[in-house]
S.K.: 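Below you will find the structure I want to go over with you.
By convention here, the first residue in the shown sequence is residue 1.
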Amino acid sequence: MIYSNNDPRALYAMELARTGGYGADYDDGAEIRCPVCGALEPEHYYLDDDEECIGCSECVHKTDFLYWT
């Protein structure tokens, strides 16, 4: 791929070519989704004490009272 000299992706492309792809173990096109609700690229995640994801800014909401169904 050809980039102009003032394109910020040019440096990344040169380093990727120079190192043969070493260190590029992630997929740029991968979608980041919440593991609980599947929201696409949420603003932030919530973790419990065991560092397990319990939701994101899309599926966890703050409330002043606890209600039962």
S.K.: Quick one: side-chain hydrogen bond (donor to acceptor under 3.5 Å, both in side chains) partners of His44, sequence neighbours excluded?
M.R.: Tyr46
S.K.: Distance-only, no hydrogens or angles: does the Asp48 side chain make a donor-acceptor pair with backbone N or O of Asp50 under 3.5 Å?
M.R.: yes
S.K.: Show me, pair by pair, the donor-acceptor contacts under 3.5 angstrom made by side chains of residues 57-65, not counting sequence neighbours?
M.R.:
residue: Ser57; atom: OG; partner: Glu43; partner atom: N; Å: 3.2
residue: His61; atom: NE2; partner: Glu58; partner atom: O; Å: 3.3
residue: Thr63; atom: OG1; partner: Phe65; partner atom: O; Å: 3.3

S.K.: If every non-hydrogen atom of Val36 is compared with every non-hydrogen atom of Ile54, which pair is closest and at what distance?
M.R.: CG2-C, 3.7 Å
S.K.: Within a radius of less than 6.0 Å around CD1 of Ile32, do more than 12 heavy atoms belonging to other residues, nucleotides or ligands occur?
M.R.: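 Counting other residues, nucleotides and ligands, CD1 of Ile32 stays at 12 neighbours or fewer.
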S.K.: Search all heavy atoms of Tyr45 against all heavy atoms of Cys34 and return the closest pair with its distance.
M.R.: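 For Tyr45 versus Cys34, the nearest heavy atoms are CE2-CA, 3.9 Å.
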